[in-house]
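Take a look at the structure set out below.
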Amino acid sequence: MSFIGYKDTIGEGDLVLAFLGRDAIKPIVINKEETLNTRFGSFPHAQMIGLKYGTQMASIKGYGFIHLLQPSAELWTLSLPHRTQIVYTPDSSYITQRLGITAGSRVIEAGTGSASFSHALARTVSAEGHLFTYEFHEPRFLEAKKEFEEHGLLGTPVTINHRDVCKDGFEISNYDGDVKATSVFLDLPAPWEAIAHLSQVISQDEKVGICCFSPCIEQVSKTLDALKEYGWTSVQMVEIQARRWEARQQMVRQVDDAVLRLKDVKRRKLEGIERKRRFYAEHGQPRDEDSEQEVEKRKELEKEETKVDRTEFNPFGRGLRIKDGDEAFNWIKVSKTEAEVKSHTSYLTFAFKQATPSSTT
Amino acid sequence: MSFIGYKDTIGEGDLVLAFLGRDAIKPIVINKEETLNTRFGSFPHAQMIGLKYGTQMASIKGYGFIHLLQPSAELWTLSLPHRTQIVYTPDSSYITQRLGITAGSRVIEAGTGSASFSHALARTVSAEGHLFTYEFHEPRFLEAKKEFEEHGLLGTPVTINHRDVCKDGFEISNYDGDVKATSVFLDLPAPWEAIAHLSQVISQDEKVGICCFSPCIEQVSKTLDALKEYGWTSVQMVEIQARRWEARQQMVRQVDDAVLRLKDVKRRKLEGIERKRRFYAEHGQPRDEDSEQEVEKRKELEKEETKVDRTEFNPFGRGLRIKDGDEAFNWIKVSKTEAEVKSHTSYLTFAFKQATPSSTT
Amino acid sequence: MTFIKRQTTVQYHQFCLIRLPSEGIKIVEIRPQGIVKLGKFGTFAVDQIVGFPYGQSFEILDDNNVRPIQGSLVELEDDEQDDSLKEKIQYLRQLDVESSETNRDLVDIGNATQELTQEEIETLKKTSNGANIGEAIIDKLIKSHVNFSQKTKHSQEKYLRRKQQKFLRRFTVDLLGPSQLLQYFLEKDPTKVLDMSEESMGLLLSLANVQPGGRYLVIDETGGVIVNALLDRMRGSGELLVVHENEHPNHSALKYSNFEPSVIDRMVKTINLLQFFEPEDERVQWNDLSQQEIEEMKSSKKAHYYRRRDNAIQINDAIDNAVKGDFDALIIVSTLYTPTLVKKMIAKVGGSRPIVVYSQYKEPLVETQVESMQNLELLAPTLHETRCRPYQTIIGRLHPLMTMKGGGGYLFHAIRVFPLQEGVQAVGRG
Amino acid sequence: MTFIKRQTTVQYHQFCLIRLPSEGIKIVEIRPQGIVKLGKFGTFAVDQIVGFPYGQSFEILDDNNVRPIQGSLVELEDDEQDDSLKEKIQYLRQLDVESSETNRDLVDIGNATQELTQEEIETLKKTSNGANIGEAIIDKLIKSHVNFSQKTKHSQEKYLRRKQQKFLRRFTVDLLGPSQLLQYFLEKDPTKVLDMSEESMGLLLSLANVQPGGRYLVIDETGGVIVNALLDRMRGSGELLVVHENEHPNHSALKYSNFEPSVIDRMVKTINLLQFFEPEDERVQWNDLSQQEIEEMKSSKKAHYYRRRDNAIQINDAIDNAVKGDFDALIIVSTLYTPTLVKKMIAKVGGSRPIVVYSQYKEPLVETQVESMQNLELLAPTLHETRCRPYQTIIGRLHPLMTMKGGGGYLFHAIRVFPLQEGVQAVGRG
C-alpha cells in the first residue's frame, strides 16, 4: 500500500525511495537483513525501521547521507526502472485534469509500458475507481504485474492483462463485472487500430473521454480519421511544453565601477612608470661592464623599488573564486533552464463520446 | 531611399513613420500642404520638415504628441498595410541568419505578399545584392511594386514580377543578366510545385540555401518529398516561438504584516465592543416608551461614542489606488507575456544544394 | 472512508455549465421550475434538461422547450470552418470601414481574404454603401468558401448556417468540474484565479499528491477555485485546513462545487493567519454554561449563546488542527510573499510530504527557490513551468493555433524532510 | 562604399569549418602546405581542398589525399537512422553495464530497445562477457533495424556502415560564417558567447538594423563573435566603435572573420570605458616633433616615437569618434548591469535609431525595461525572447526533436527619441 494513502514511519517490507540525488532515486524494499550500499556510504535497512519518512539518514561510516522518502506516483516516475519511454508528470497530470479523472473513475490504459502513468492513475482513481491496463509485450507485462502486486495495487484498483488490444480488443475475463470505462488513454504505436474495439468497454451512460499519445504527427492524422469514423467528437490535439528552472545569482557589475577600475589600473601604471623613472634617475642606466652578479643585484633592487602594490580595488572579484550571493558584492537573482530541455514528448489527442441516447432518460 | 542607409533630418517627400502607439504606427509621405490628423491631435507636415528623425512632436492644439521615426524594415513590418498574413521579424531575422543572407546576396522570394520580408531582405542584401521577388496576385503585385518604387528600392536592389512561379517558373525578362540566386524563400500555398523550377535560376557555383514557409504540417511533408526529389540536402524543419515580455511590479506582501493587520482589526473590534459596553453601562438599554426623536438622538449619540477611528495600519494599501513602485511599499519586479501570444506563424523548412561539380575547380 | 461519486447527469440543485456557439460558457443553476435566460439565444425551462447526461446538446424551441440533438456543439458548427476563415472574418469585422483612412484600405480588405479580385471589390464598393461594405465582403467570402455558386442544397444550407451562426439557438450542458470552473473565471476575470492555466492546475494537483483521505493545509486566494479542485479529487473523504488573511474566508466559488453544504462543512475548515501563527493567544476562552443556566435563558439569548459556543468550538478546533500539524501537503496559491511564507509553514508539513506553491509570476518563485536551497528542511526544490499548446485539429490542415492565451503561471515544489541535527560532511548534497 | 564579397570557395589564408560525422565541428586554417589532423579520422593536405566550393564533402584517403564526394555528410549517414534509434543506442551506451545494479537491469535494456525478447537477452548474457554486452545488444539492435537478416547486399552494407559510423573518414568543409562561429563556441564553451542562440543573434542583427555603411556603437563581451557578425553584414563598409572594460579589447574571435587585417583596422575602432565616459581627461596630450627632431633620433627611439604617436592618434581618434556620438545603433552584449549602462549611453545614439541589448538572463533586462519605461528618451522599450525548435525531419515521422539545448538568451530593444522639453499633457503615451 505504498502509493495510496500516507504512512508516517518506515516498517519492514515497506517500499522506500532512497533519495541520493535528483537523478538518483533508488527504490528499496525494507528487509532488516539488507544494507543499501551507495556512493554516499552504507545504510543498513534495520536502522531505517522506525524512522519517520522524510528522515535524512547518515551513513554508518559517518560521511555521506541520503533521504528516505515515501513513494508517491510522481517520485516513482522519477525513479522507476525504464522499460520504455515513460509518461512524465507534466503530460500525465494534464491528461488526468483534462479528462476529468478523479476518485471513482474507471480508466483504460494501453499499453502499460513502464507503468509510470499507471501508478499516478491508481493513486487518483483510488479504491473506488478502477484502472484496466493492457500490455502486449510479455516481459513488460510480467514486470508491471509484479510491481502492482508488490505495491499493493493489484486487484484494487488495478487489473492488468497481457493483450494486443489492437488485434484482440479490451474485453477481459479476470475482472468481476463490466469494464465500463469513463476515460481511455492510448499510448500505442497504432492507436487507430485500438479505437475500433472501444465501444464494448466504455460506459454508454455518460460522456467518455479519450487521450491518444503519439510522438509523430502522422500518427495523429491517422488517429483523427479513426476517431471521426467511430463517432468521437470535440476532438482537439495539444502538446505540453514543460520546463524546469534553476535559480542562480548574477553579479551586478556597475559600469561606474568598471570605469573606476580602469582609473585605478591607469593610476597604478603611471605610478609604476614614475617609480621606474625615479629609479633610473637615482641609479642611472645599467652599465655594460657590470658583472653578472651586479646586473642581477640591480635587477632585484629595481624590481623591489619600482613595484606597485597589488590593488585593493577589485569591484568584480577578479582572480578570486566568488560564490553566488557573496555579501561583498551585489547580486541579481536570475533563472536558467536546464542545459538540455525536453522539447517533445508526444502529441496528445483528446476526444469525447456522448452518452448513448437510448441508455439515458 | 527610406530603408537603406540613414537620414538625420526630415525632408519633403520623405516617408516618415508616425508613431502613435505600439499598435498604431502610421506611414506618411511628407507633403508640406498636408496635415496628419489623429486622435492625438493635428500635425501639419510642414512643421515636420527640418525636424530630426526621432523627434517627439506636439499637436498644434497643444495636447497630445507623436514621435516621428525613420522607416526601417522592422518598423515597416509593424506598420505596413496587411494584404496577407505577413512574415514577422522573429521569423525573417532567423531565416536571414540561417541562410547566411548578407550584403551582396542574391535572393529569390515568392510570393511577395505584403512585402514585409522583402523590405528586410532589400535592407540586408543592399545595393550590391539583389532581391528577385514574385507575386501571383495582381492587385498585390501592383501594390508592392508601387511601394518599392516609392521607397526607392525598385531596380536596386529589388526586381518584382507578376508571376505564378509554380506554373511558369522564375526566369524573367526585366533584369539584365542571370538571376543566379544564392538563397531562396518560398512562402506559397504549394511550394513543392515551385521547387521543380528552381534549377534554372540558382547559382551553380556555390552552395545555395532554401527556406520554405508553410503553416500546415501536411505542406511540410509534401515539401520534403519535393526537396528530396530535386536533390536538396541537409534538410531540417524548425519552428520559431517568439514572445514579448512586459515588466511589471508586484507588491511584496509579507505574511507578518498580514498577521499584524488581523491583530489590528481584532484590536479595533474589541475596542468597539468595549465602547459599546460602556455606552450601555452609562446610558442603559433603549426604552420602549421613548419617542422617535429620542430614539434617533440616542442612536446618534451611540454611534458617536462607540465608533473606532479608521485604522492607520494599512500594510497593503487596501482600498487605495496604489501605483506600481509606490515608495511606501516594497515591490518585486516581475515579467508577464502578452495576454494573447502568437503560438504559431509557420513551419520553416531549410535545405541546401551543393555546387555543381562541373562548374567548379 | 466516505465516497461521493461525481454526477454524470443534470440534477436539481446543481450548478452546471452551458456552452453556446461562439459565446463562451455560462454557469447555470438547476432550480426546479427555473427558467434559464440566454439572451438572444432564447430561454428554456430547466426541468426540460434534468436527467440528461452531461455533454448533451439541445436546440431551443418556443415556449421554453428544448429538443435534444445529436453530436457535440463544435461539430454542429460547420467543421470546415478553419482558423484562416475565422481570422479573415474577424479581421474584416475589426476594420473600421467608415473612416476615411480605411476606404483606401478596401483593396487591402479584399486582398486580405485572397478571395476577391480587384473588379469584384470595385463592384462591391459601388453597390454597397460604406457601412455595409464589410459585411458585403464577408458575405461574398462565405459564399466562395462554401462554393455557394454550385447552388447545391448542401452548400446553400451551409451558407445560411454560417451567416446565421450568431443566431443558432443551440447549447450544450456540461459538468461544472474544476477545469470548467477555472475556464469560466479565466474568461471572465483571470486575475481572480491568479491567471492559473488548466495545465498548471493539473500539475499542482499531481505534485501535491492529492487523493481521497488526505489532510491538506491550503492557502487559496482564488475565492475557492483551488479548494473546489481539491474536493473534487478527494470526493468526500479527507480534510482541508484553509488559512486566509481576512476575518472571513472568501469561498464564493465553493457554491459551484456541487457538494452538499454538510460535506463542505465537514471537509473544509478555515482559520485566519493570526490564529494560525499565534494559536495559544487566539484560542477562545470558553466555558459551557450548565444545563440549568441555559434553560433559564430567553430564547434569543439562548440562540445567541449557542452561536457563540459554535463559533468558539469551530475556532478552537481549527487551532487544534493547525497545532497538530503533520499535514499531507502544503498548497499555496497566494500573492503573499512566498519565500518567508513557506519558511514559516514548513514545520506544519509531515515528513516526505510535498509543498507546492503556485505563482502567476516566475520571479517570486525564483526567490523562493533561492531561499529554499539554503533550507535543509526542503529537499529538491524545483521550479516548474508547463504550457499547453492547442492545435488546429482539422484533418489535412494540422498546425498549432495561430494565437493562444499567454500566461498560465508557475509552480514551486519541494519535499519536506527532517535534516540531521549536526552538520554531516556532505559527500554530495541531494 | 567599399564592398567585400563573401568567399564561396576554400581559399588560402582563410579559416573554414570542418564538419565530421557525429563529432561536431572544427575550425581549420587553410595554410599553404598545411596538414590538417583530424584524430582518428586521419590527416589530409590543405592544398587538396583549396578551390572547392563550401559545402563540399570529402573522403580521406592515404597519404594525406582526399577524394571529393557527392551529397552532404548528413545524407551520407544512413538516412533511416532516426531519433529513436539514436536514443536507444545512446541510452544503451550510457548504462554502466559492469555495475551490479545494472545487471538486474539487463532485462530493462533489452526491453528498452523493444527489439529483443527475453530469450534473446538471456542468450546474449550467456554468450558475451559483461563488458561487451552493451555493444552486443547494440549490434543486434542495428541488425534488426536494417533488416540484416534479409541478407541483401544493401542491408549488409547499411549494417556495416552504421557499425563503423564512428570510423567513416569523411568530412565536409563549410564557410566559417557568424552562425558557424557561434555554433562552434556554443559547443565548446557556451559561456564565452553568453549562451546566445543563432536565433537570438539573427534577431539582434535585424532589430539593430545592421547594414553596410552603418556606424555602430558596440559592447561585445564575447571576444569578438558579435563584432564578427556585424562585419559580416557590413561587408567592408561602415564602422564600429567597440567599447571595452579592460586595458585591451579581447577580439580573439576576430581572426576567424576572414577579413584582411587592414579591413578590420579600418572598420573596428576600440576604446575603453574610462576613455569613453571621461573623454576630455583621457585625451592623450601629444605634440608632433619637428621633422628635424625626428631625423636626429636613433632608429630605436624613432620607432618608439612613431609607436607612441600612432597610439596617441588612435586613442584620440577613438575619443573624437565617441564624442561625436550620433551612432546608428547601440549594441550591447555584456554582463555589465544594463539598466545604468543603457541610461548612460543613450546620449550617443542618433535619433530614431535602435538600442539593442542582449542578456543570457531575462531578469537584468526586466530591470532595464522598468528603468526605460520612465525614460522619455527611449520609445517602445520591448523585451524579446525567440526560440528555435528543430524537428526530426524524416518523411513519415515528423516531430520536434525529443531534446534540445536550453537557454539562448533574451533581447531588449528600444528606439532613441528626442522628447519634448516641457511636459506635454499626454493624450496617450506612445
Side-chain angles (χ1 to χ4, degrees), chain A residues 26 37-38 80-85 113-114 137-140 142-143 189 214-220 239 241 243-246 248-266 269 316 318 330 332-347, chain D residues 83-84 87 91 100-101 104-105 107-112 114 116-118 121 190 195 219 244-247 272-278 281-282 334-338 340-341 344-345 359-364 367 389-392 394-408:
Chain A
K26 193 145 178 36
N37 289 306
T38 76
L80 66 88
H82 289 209
R83 285 88 76 178
T84 60
Q85 187 65 263
S114 305
H137 190 254
E138 200 180 9
R140 287 201 295 264
L142 292 169
E143 184 80 20
S214 298
C216 300
I217 199 83
E218 297 82 0
Q219 292 168 305
V220 173
E239 60 174 338
Q241 294 182 283
R243 295 281 175 270
R244 280 175 307 206
W245 293 89
E246 293 167 29
R248 289 274 182 285
Q249 305 207 53
Q250 184 178 52
M251 191 188 290
V252 172
R253 304 196 311 115
Q254 292 287 3
V255 59
D256 286 347
D257 284 335
V259 170
L260 285 175
R261 197 190 72 84
L262 281 167
K263 274 186 170 167
D264 187 67
V265 165
K266 185 179 170 187
K269 198 170 176 181
F316 310 133
R318 287 197 180 198
N330 288 320
I332 174 175
K333 292 185 184 74
V334 296
S335 53
K336 58 186 295 196
T337 43
E338 311 133 277
E340 200 174 64
V341 298
K342 277 195 185 63
S343 176
H344 182 63
T345 51
S346 276
Y347 295 110
Chain D
D83 244 12
S84 78
E87 254 181 71
Y91 171 74
S100 61
E101 291 171 43
R104 183 174 69 87
D105 293 333
V107 173
D108 302 333
I109 297 170
N111 288 339
Q114 297 184 33
L116 307 174
T117 64
Q118 192 77 0
I121 293 166
D195 203 42
I219 298 185
H244 58 90
E245 67 177 281
N246 297 307
E247 290 186 82
N272 72 36
L273 282 169
L274 174 56
Q275 297 159 339
F276 184 85
F277 284 112
E278 300 186 13
D281 293 340
E282 293 303 309
S334 171
T335 56
L336 287 169
Y337 186 67
T338 43
T340 33
L341 182 59
K344 288 171 79 91
M345 295 188 82
S359 167
Q360 176 176 4
Y361 301 112
K362 185 172 57 155
E363 291 80 356
E367 302 205 352
R389 190 186 189 204
Y391 278 61
Q392 167 176 288
I394 295 176
I395 296 170
R397 276 176 298 182
L398 281 172
H399 62 68
L401 294 182
M402 295 304 189
T403 60
M404 69 180 195
K405 185 190 172 301

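Note that the structure is a prediction, hence the values are computed from the model and not measured. Below, read A as the first sequence line, B as the second, and so on, with proteins coming before strands; counting in each chain starts at 1.
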Check: Between A:Ile332 and chain D, which part of the residue has a heavy atom less than 4.5 Å away: side chain, backbone, both or neither?
Finding: side chain
Checklist line | Contact leader toward chain A among D:Met404, D:Glu247, D:Lys344, where contacts are heavy-atom pairs under 4.5 Å | finding: D:Met404
Note to self: Report which part of A:Lys333 has an atom under 4.5 Å of a heavy atom belonging to chain D: side chain, backbone, both, or neither.
What the structure shows: backbone
Next item on the list: Verify whether one side chain among D:Thr335 and A:Gln250 offers a donor that lies under 3.5 Å from an acceptor in the other.
Entry: no
Checklist line | From D:Tyr391 atom OH to A:Ile217 atom CD1, the distance as rounded to the nearest 0.5 Å | finding: 7.0 Å
Margin query: Below 4.5 Å, heavy-atom pairs only: which of A:Arg261, A:Lys263, A:Lys342, A:Arg248 has the largest tally toward chain D?
Written below: A:Lys263
Margin query: Given heavy-atom pairs under 4.5 angstrom as the criterion, report whether the side chain, backbone, both or neither of A:Arg318 touches chain D.
Written below: side chain
Check: If you take all heavy atoms of D:Arg397 and A:Cys216, which pair is closest and at what distance?
Finding: CA-SG, 3.8 Å
Next item on the list: Answer with side chain, backbone, both or neither: which region of A:Val334 has an atom nearer than 4.5 Å to a non-hydrogen atom of chain D?
Entry: both
Item checked: Part of D:Pro364 lying under 4.5 Å from any heavy atom of chain A -> both
Checklist line | Evaluation steps, side-chain contact (heavy atoms from CB on, under 4.5 Å), between A:His344 and D:Arg389 | finding: CA-CA 10 Å; A:His344 182 63; D:Arg389 190 186 189 204; 4.1 Å; yes
Notebook entry, point to check: With a 4.5 angstrom heavy-atom cut-off, which part of A:Thr337 approaches chain D: side chain, backbone, both or neither?
Noted result: side chain
Notebook entry, point to check: Hey, what do you get for CG (A:Leu260) to CG (D:Leu274), rounding to the nearest 0.5 Å?
Noted result: 9.0 Å
Next item on the list: Could you tell me which residues satisfy side-chain hydrogen bond (donor to acceptor under 3.5 Å, both in side chains) with A:Ser335, sequence neighbours excluded, listed by chain and number?
Entry: C:Lys362, D:Glu363
Margin query: Suppose we screen for salt bridge (Lys or Arg N to Asp or Glu O under 4.0 Å). Which residues come up paired with D:Lys405, at least two apart in sequence or across chains?
Written below: D:Asp195
Margin query: Between A:Glu338 (side chain only) and D:Gly406 (backbone N and O only), is there a donor and an acceptor less than 3.5 Å apart?
Written below: no
Item checked: Carboxylate-amine/guanidinium proximity below 4.0 Å for D:Glu278 and A:Lys266 -> no
Checklist line | Shortest non-hydrogen contact from A:Tyr347 toward D:Leu398 | finding: CE1-O, 4.4 Å
Margin query: Give me the atom names and distance for the closest heavy-atom approach of D:Leu273 to A:Val255.
Written below: CD2-CG2, 3.9 Å
Checklist line | Largest heavy-atom contact set with chain A, pairs under 4.5 Å, which of D:Gln360, D:Gln275, D:Glu282 | finding: D:Glu282
Margin query: Is the shortest side-chain heavy-atom distance between A:Ser214 and D:His399 below 4.5 Å?
Written below: no
Checklist line | Residue part contacting chain D, namely of A:Gln219, when any heavy atom lies under 4.5 Å | finding: neither
Check: Heavy-atom distance under 4.5 Å to chain D: side chain of A:Asp257, backbone, both or neither?
Finding: neither
Notebook entry, point to check: Should we count CZ of A:Arg243 as having more than 12 external heavy atoms under 6.0 Å?
Noted result: yes
